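Data block below; observations after.
Only a predicted model underlies this, so the values are computations on that prediction, with no experimental measurement involved. Naming convention: chains lettered A, B, ... in sequence-line order (proteins, then strands); numbering from 1 in each chain.
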Amino acid sequence: MSVLSVQGLGKSFGGVRAVSDVSFSVAPGEMLALIGPNGAGKSTLFNMVGGQLQPDAGSVTLGGATISGLGPRAVARQGVGRTFQITATFGSMTVRENVQMAILSHRREIWRFWRPAAERFGDEADALLAQVGLEVQAERATGVLAYGDLKRLELAVALGNAPRLLLMDEPTAGMAPAERVALMQLTRRLATERGIAVLFTEHDMDVVFDVADRILVLDRGALIAEGDGPAIRANPAVRAVYLGTGSGGH
Amino acid sequence: MLAVHGLNTHYGRAHILQDMAFEVGAGEAMVLLGRNGAGKSTAMKSIIGLVQPTSGRILFGGRDIAGEAPHRIARSGLGYVPEDRRVFADLTVMENLEVGRQPAREGLRPWTPARLFELFPNLGRMRDRPGGRMSGGEQQMLTIARTLMGNPRLVLLDEPSEGLAPVIVQAMAEAILALKAEGLTILLAEQNSHFAEGIADRATVVEKGRAVWSGTMAALRADESVRAQYLAL
Amino acid sequence: MSSILPQLLTGLATASSLFLISAGLTIIFGVSRIVNFSHGSLMMLGAYIGWSILTRLPREPEWFALGILATALATALIGVVLEMAVLRRVYRSPELFQLLATFGVVLIIQDVTLLLWGPTELPLPRPRWLRGFVEVAGSRFPLYDLVLIAIGPLVLGLLWLALNRTRWGTLVRAATLDREMVAALGVDQRRLFTSVFALGAGLAGLGGALSLPNASANLGIDLSVIADAFVVVVVGGLGSLPGAFLASVLIGVLQAFGIVLVPKITLVLVFLVMAVVLVFRPNGLLGRPQTEAREATVAAPVVRPAPPALRLLGAAALALAVAAPFIVGGYYLTVLTDACVAILFAASLHFMMGPGGMASFGHAAWFGIGAYAAGLLLHWAGAPMPLGLLAAPVAAGIVSGLFGWFVVRLSGVYLAMLTLAFAQIAWAVSFQWVEVTGGDNGLLGVWPPDWARDPRPYYWMALALSVGVALLLRRALYAPYGYALRAARDSAPRARAIGLDVERLRIVALVIAGAACGLGGAIFAYGKGGVFPTYISIPHSVEALLMVLLGGLQTVAGPIIGALVYTGLADILVRSTDLWRLVLGAVIVVLVVAFPEGIAGAVRRLWLRGREA
């Protein structure tokens, strides 16, 4: 049974087809990578799943319920967490408060005007921070965190919403190669433990081939290949438009 | 041609460049290698003047340009190709080139759109296309062409291979090699030493805002410990 | 049928004037990303300078044209001076400080114009040819209006050519997209910016001079024009020249017909048009989403509750405030009551501006609505003070909620412009709807009941209400709601991604801020015994901004301290000089130019330097 199911999804901008007739699904605990050249429609596809864009055609369903047509907030409420390519955290709050904020939202405790927020869900937030290895930094401001730690914080914040599906847009962009694999292996472990389906876009082929269970290749808005690492590496169409004549990665 | 001495740059409280130093000889291609956040982009922005260095000297053709306004530095013959391309999305290819146009420089064959289209034939086929409606690879070519319109003696190329499909990266490397063959001095910033391998003569390895190693590409290939320690390959 | 064509032509003539002023505003914004609040003041200067030039020239049409062009040139020169002296120094400042600096210029130009030309309106004596008529569809139509109609499209065409067919235009368009990159390509930004500012100022001056035959040079032009221009630019889409033209035509024509059909509605009509457009096209008719500025933003410091020592200090200050009537009397007690009102005024603005991230240049609107709600209830229904004090926050809260519903999706600059435009319209309604509001004379006899007539009990009541509400606001900021509001400000995409309703959070913040401010207005009204249009005036709005910025945005105690300091300073200033606008404006400009990173930033920098030494 798949968590996310995408059927015949399409989107045009001013007559130009950015994405056409894309279908795929992601199972619980599965890591699905979305790769393709720049301008292939990855961001468009991603934003249609996340609710930032409305599709022209097709549907997106989460656990059987349709989520296409909902805005990003409603999609998040349905159990979709996400991390951003350019890290986005709450700069005026501590690391712990960032996670507390996500839990407060998830437990529907936002519209309260009296009890101090800092007293709510501190232990739960610390537990999540421990899972991503940030427990000793709980009291720090997010502005002073190292880049890799910010990415981990984003992961913890996304988990605070107890998501069924995690969308990660270029999760390792801007990280050192060794850190990249570490972050994605952490993601992989959490996904397996919690049965979260993960859909991510990525430019670093080492990361893709290392952690993805399955890979989708998009070119000019259409799906041109789908399969596991070795199958994608060997696929002549993928080599022609994306991987080039060298080896798979660097 | 370019010599950086004891360069320090801060972003707010963060001390990004710490006594950074390196040199680039005329006609040479030098690469700044290092992880993301090591300070390569900041070094480039400090040289072109987009970021004000706190202290240190940047000698270009014998003149200290540290702290000058970017347009003066650019007019003195330094070209800058930013890492995130920054083409003018609403302007056509020809208009993007026009923004970069500066008077011819003594002793250099001036760049014209026609000459640039020989180097990047793709661009010649989309003269009136707005920059925002081009692919990532085409935009990268346009930013390089736009910078060349200023007839620079030295170009700063900040991660020209970042975010491009491997097949485009190969084409980019060939174009840069052609420029080098013309006699242009090149300072490249890269995380990807494979890309730099085919282009650069020498490398300076940057870590936490400092130059920690410097030498020829052959020496870098031979030095396993530097590669393992700083480049995490 | 016969009345439609002349009405349409009248509308198009209005549209031309609107376009001239908004074109300059939108071009300047496009390149510098600064919304120039003093653009209306440049038009006002254009009118005055035009008057001075035209009254000295022969009265033939060719001399008139020459005089108009000379005026445009003169204002363009003033624009150059303004750009080099003020704006050039604040391009890297936070948005709010840029707006504030141009607002300081508004205040300065107000008093300088008053000094140079005096307070009386200056109408232009119209020669025969200017009074000429032509026959249009069987009715007489002023010849001069036809001239105006032709000028709008002519200017649009010339601007289009300049922007699309010259190297200067290409550079301007490139700078609109990414000015830093333009500089890195060897283009001198400063000269480019100065030339653009000169062009914009020249257009404003042209508009001012051309408005003379149909109106006059007067001191009210600046703010009424800037409010109109803001609406036009927002409806057309910020930075879009064709959008500004389209919006000018739309608003000009609708106004012309509106004035015939429902004379009283014209002021509100403009706002209705804008509301409708923004609901369907949040970025204006031809506008595009505002991209985030390309500069690195400094993260806001982590917000912490005040340390115990500060709380103790606050408690001591409160005790002193309660005991004040036994220590001082008479005049100083009224100043202290004003200070209580100022606390509400500033704390409510801080609530939406600091944690909410929504700057307002029209905060006095809620103050005035609260005051008028109480005053009108008393005047027309004889309602007692407690009812008035209840009705004021309710009315202000409802109106600010409605306003918020339309504007909450807009970015900071749009919001700042619309708050100013809204306040200006609210002021115009209070001023012009004489039958209901008493117009300029205001509503008199708004006194508290007998038990509160004496300054002492009234002061205690004001103190209790203002401190109580300020504490409630503080409580809400540390509660989950306040955290969520701050989260939405820190990163709206992230906030949405964890399921926060960013828009609703912000609307509620506007309702709360509006209600608290409205209560302040009512307390002020009963304290002074009357309600007047000046309560809603733009300078009053700016006072709220100054209080908040004086105290700093980052702390909850800041606006309260700012309110107290400002009330004290203003009291001294107003009592000691007639040219308080000039002084205030100069202080604002000097502060912003001297501390481009904000006062708090300057203090932090000095502190860091001190530690290193």
Legend entry - Shortest non-hydrogen separation from L473(C) to A516(C) and the atoms involved: CD1-CB, 4.5 Å

Legend entry - chain C neighbours within residues 155-164 of chain A, where any heavy atom lies under 4.5 Å away: V157(A), N161(A)

Legend entry - Sorted by number, residues from residues 492-505 of chain C in contact with chain A (heavy atoms, under 4.5 Å): P493(C), R494(C), A495(C), R496(C), A497(C), I498(C), G499(C), L500(C), D501(C), R504(C), L505(C)

Legend entry - Donor-acceptor pair, side chain of E30(A) and main chain of A27(A), under 3.5 angstrom: yes

Inset, instruction - Kindly say whether V208(A) contributes a backbone atom to a donor-acceptor pair with the side chain of E202(A) at under 3.5 angstrom? - result: no

Inset, instruction - Answer yes or no: is there a donor N or O on one side and an acceptor on the other, between the side chain of T94(A) and the main chain of E97(A), under 3.5 Å? - result: yes

Inset, instruction - For the pair T187(A) (side chain) and L183(A) (backbone), establish whether a donor and an acceptor sit closer than 3.5 Å, ignoring hydrogens and angles. - result: yes

Inset, instruction - Give the member of T89(A), T83(A), I110(A) that has the highest number of heavy-atom pairs under 4.5 Å with chain C. - result: I110(A)

Legend entry - Any donor-acceptor pair under 3.5 Å from K42(A) side chain to I35(A) backbone: no

Legend entry - Largest heavy-atom contact set with chain C, pairs under 4.5 Å, which of A76(A), G50(A), G51(A): A76(A)

Legend entry - chain C interface, residue from E154(A), Q52(A), R120(A), H106(A) that has the most non-hydrogen pairs under 4.5 Å: E154(A)

Inset, instruction - Check for a donor-acceptor pair, side chain of Q131(A) on one end and backbone N or O of L190(A) on the other, with a separation under 3.5 Å. - result: no

Inset, instruction - Over all heavy atoms of both residues, which pair between V6(A) and V22(A) is shortest? Give the atoms and the distance, please. - result: CG1-O, 3.4 Å

Inset, instruction - Give a yes or no on whether the backbone of F90(A) and the side-chain of N98(A) come within a donor-acceptor separation of less than 3.5 Å. - result: yes

Legend entry - E119(A) portion near chain C, given a 4.5 angstrom heavy-atom threshold: neither

Legend entry - Engaged part of R82(A) at the chain C interface, taking heavy atoms whose separation is under 4.5 Å: both

Legend entry - Centroid separation F345(C) to W366(C) less than 6.0 Å: no

Inset, instruction - Considering only heavy atoms and a distance below 4.5 Å, find which of P72(A), A74(A), P116(A) pairs most often with chain C. - result: P116(A)

Inset, instruction - Look at the side chain of R188(A) and the backbone N and O of V211(A), then say whether any donor-acceptor pair between them is shorter than 3.5 Å. - result: yes

Legend entry - Residue pair A479(C) / W114(A): nearest heavy atoms and the distance that separates them: CB-N, 3.6 Å

Legend entry - Test item: R486(C) side-chain N/O and S92(A) main-chain N/O as donor-acceptor pair under 3.5 Å: yes

Legend entry - Residue part contacting chain C, namely of L104(A), when any heavy atom lies under 4.5 Å: side chain

